[in-house]
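Along the sequence shown, the residues carry numbers beginning at 1.
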Amino acid sequence: MKIVILDGYTENPGDLSWDALKQLGDCTIYDRTPAEAILERIGDAEIVLTNKTPLSRESIEKSPNLQYIGVLATGYNIVDIEAAKERKIPVCNVPAYSTTAVSQLTIALLLELCHHVGEHNRSVQQGDWSRSPDFCYWKYPLTELTGKTMGIIGCGQIGIQTGKLASTFGMKLLAYDHHLERKTLPPAFCGVSLETLFEEADVISLHCPLTEDTREIICADTISKMKDGVWILNTARGPLIREQDLRAALESGK
């Protein structure tokens with residue numbers, strides 16, 4: 001059995017071992033794979049593992065021996081799922097490995113917006129506090145989260161964990177998911193429509209997968225429904241936001 005790992009460095013920069021995979025067959029590991037080399041490197045492999053290297057319809061159709069695609073991440077939009085399905089090739093991801101890390105990062109970004117720790121650190125290092133005529137010194141208004149409302153779009157493991165962390169700061173939680181009717185939300189979460197979430201949230205945190213339904217879910221139309229001064233946190237996928245509309249909203253002060 002031939003196994004190819006297309007971009008192993010992001011998963012294992014040297015602190016882990018590939019030995020378990022090597023015991024399964026002939027295993028070739030590339031640190032990185034440019035687009036023009038994907039087909040050549042897959043070659044006649046039966047198993048392909050990837051992190052962010054895309055597997056297009058062409059790559060799947062022109063790899064005759066391919067029997068399994070493993071995505072070494074949670075998001076799997078880098079793989080043409082329909083093309084794999086047509087060839088009956090299973091595509092597997094790793095849905096829970098980053099739950100704690102991503103939810104923690106989301107809260108770190110939120111706290112940075114509240115306190116601007118990074119900017120205050122730079123300012124103090126530059127001597128601004130030493131030159132301040134007052135002991136109480138700040139460059140930005142400080143924001144308290146208690147009583148504010150977080151709207152969570154995407155109620156998978158990361159979205160739920162992020163909400164739990166936010167609730168410890170006294171935040172109210174609104175939640176929307178494309179399959180909300182099938183979800184059992186923790187007690188602190190209030191399931192609402194997307195429109196209600198946009199209208200009432202002070203902070204909107206994105207934790208949904210990138211699909212045709214969610215692509216550019218943040219756009220001029222949805223931004224217009226939000227509060228002025230709303231904060232948007234995106235630790236999911238970039239294309240969930242239409243960038244030119246976001247820029248216009250930022251420049252307008254929305």
Next on the checklist: Is the ring pair His120/Tyr137 parallel, tilted or perpendicular, if the boundaries are 30 and 60 degrees?
Outcome noted: perpendicular

Checklist entry - Does atom CD of Glu243 have more than 12 heavy-atom neighbours from other groups under 6.0 Å away? => result no

Next on the checklist: Is it the case that the side chain of Asn93 and the backbone of Val71 share a donor-acceptor pair, with hydrogens and angles ignored and the cut-off at 3.5 Å?
Outcome noted: no

Item to check | Flag, side chain of Asp177 to backbone of Cys155, donor-acceptor distance under 3.5 Å | outcome: yes

Checklist entry - Does the side chain of Ile241 reach to within under 4.5 Å of the side chain of Ile232, using non-hydrogen atoms? => result yes

Next on the checklist: Any donor-acceptor pair under 3.5 Å linking the side-chain atoms of Thr106 with those of Thr235?
Outcome noted: yes

Checklist entry - Can a salt bridge be assigned to the pair Asp202 and Lys227 using a cut-off of 4.0 Å between side-chain N and carboxylate O? => result yes

Next on the checklist: Could you measure the distance from the CD atom of Glu119 to the NE2 atom of His115? Nearest 0.5 Å is fine.
Outcome noted: 15.5 Å

Next on the checklist: If you apply the rule side chain to side chain contact (heavy atoms under 4.5 Å, CB included), what do you find for Met150 with Leu110, and how did you get there?
Outcome noted: CA-CA 10 Å; Met150 173 180 278; Leu110 177 58; 3.8 Å; yes

Checklist entry - Would a distance-only check, ignoring hydrogens and angles, find a side-chain to backbone donor-acceptor pair under 3.5 Å from Asn234 to Arg237? => result yes

Checklist outcome for this item: Smallest heavy-atom separation, Ile158 atom then Ser98 atom, equals CD1-OG, 3.8 Å

Next on the checklist: If the threshold is 4.0 Å, N to carboxylate O, is there a salt bridge linking Glu86 and Arg57?
Outcome noted: yes

Checklist entry - Is a donor on one side and an acceptor on the other found under 3.5 Å between the side chain of Arg87 and the backbone of Ile60? => result yes

Item to check | Close side-chain approach of Leu174 to Phe198, heavy-atom, < 4.5 Å | outcome: no

Checklist entry - In the single-linkage hydrophobic clustering (I, L, V, M, F, W, Y; side-chain heavy atoms under 4.5 Å), do Ile29 and Val4 co-cluster? => result no

Next on the checklist: Checking the side chain of Asp26 only, and the main-chain atoms of Met1 only, is there a donor and an acceptor separated by less than 3.5 Å?
Outcome noted: no

Checklist entry - With a cut-off of 6.0 Å (strictly less than), are more than 12 heavy atoms of other residues, nucleotides or ligands near NZ of Lys52? => result yes

Item to check | Met226 side chain reached by Glu199 side chain, heavy atoms, under 4.5 Å | outcome: no

Next on the checklist: Looking at Asp228 and Lys254, is any side-chain nitrogen of the basic one under 4.0 Å from a carboxylate oxygen of the acidic one?
Outcome noted: yes

Checklist entry - Is Tyr30 reachable from Leu21 through a run of I, L, V, M, F, W or Y residues, each pair having side-chain heavy atoms under 4.5 Å apart? => result no

Checklist entry - Just by distance, do the side chain of Asn65 and the backbone of Asp44 share a donor-acceptor pair under 3.5 Å? => result yes

Checklist entry - How about Ser59 and Ser56: does a side-chain donor come under 3.5 Å of a side-chain acceptor? => result yes

Item to check | Verify same cluster id: Val48, Val79 (apolar side-chain graph, 4.5 Å) | outcome: yes

Item to check | Connected via hydrophobic side-chain network under 4.5 Å: Leu206 and Tyr176 | outcome: yes

Checklist entry - Can you find a pair of side-chain heavy atoms, one from Ile3 and one from Leu24, that are under 4.5 Å apart? => result yes

Next on the checklist: With a sphere of 6.0 Å drawn around OH of Tyr97, does it hold more than 12 non-hydrogen atoms of other residues, nucleotides or ligands?
Outcome noted: yes

Next on the checklist: If you count every heavy atom of other residues, nucleotides or ligands that lies below 6.0 Å from Glu181 atom CD, does the total exceed 12?
Outcome noted: yes

Item to check | side chain to side chain contact (heavy atoms under 4.5 Å, CB included) between Thr211 and Asn77, worked out | outcome: CA-CA 8 Å; Thr211 66; Asn77 55 288; over 6 Å; no

Item to check | Flag, side chain of Asp7 to backbone of Asp31, donor-acceptor distance under 3.5 Å | outcome: no

Item to check | Beyond-backbone contact of Leu210 with Leu240, side-chain heavy atoms, under 4.5 angstrom | outcome: yes

Next on the checklist: Has Glu61 got a side-chain atom pairing as donor or acceptor with Ala83's backbone, closer than 3.5 angstrom?
Outcome noted: no

Next on the checklist: Before you tell me yes or no, could you show the steps for Tyr76 and Ile81 under side chain to side chain contact (heavy atoms under 4.5 Å, CB included), namely the whole-Å CA-CA distance, both residues' side-chain angles and the distance that decides it to 0.1 Å?
Outcome noted: CA-CA 8 Å; Tyr76 51 87; Ile81 298 298; 3.8 Å; yes

Item to check | Co-membership, hydrophobic cluster, residues Val203 and Ile152, 4.5 Å side-chain | outcome: yes

Item to check | NZ (Lys85) with more than 12 external heavy atoms under 6.0 Å | outcome: no

Checklist entry - Does CH2 belonging to Trp18 count more than 12 external heavy atoms closer than 6.0 Å? => result yes

Next on the checklist: Using only atom types and a distance under 3.5 Å, with no angle test, would you say the side chain of Thr222 pairs donor to acceptor with the backbone of Ile217?
Outcome noted: yes

Next on the checklist: More than 12 heavy atoms of other residues, nucleotides or ligands under 6.0 Å from CZ of Arg247: yes or no?
Outcome noted: no

Next on the checklist: Would you say that Ile47 contacts Gln67 through its side chain, given a criterion of any heavy-atom pair below 4.5 Å between the two side chains?
Outcome noted: no

Item to check | Trace of the side chain to side chain contact (heavy atoms under 4.5 Å, CB included) decision for Ile78 with Thr53 | outcome: CA-CA 7 Å; Ile78 56 168; Thr53 301; over 6 Å; no

Item to check | Donor-acceptor contact present, side-chain Ser167 to main-chain Lys164, <3.5 Å | outcome: yes

Next on the checklist: Taking CD in Gln104 as the centre, count heavy atoms belonging to other residues, nucleotides or ligands within less than 6.0 Å. Is the count above 12?
Outcome noted: no

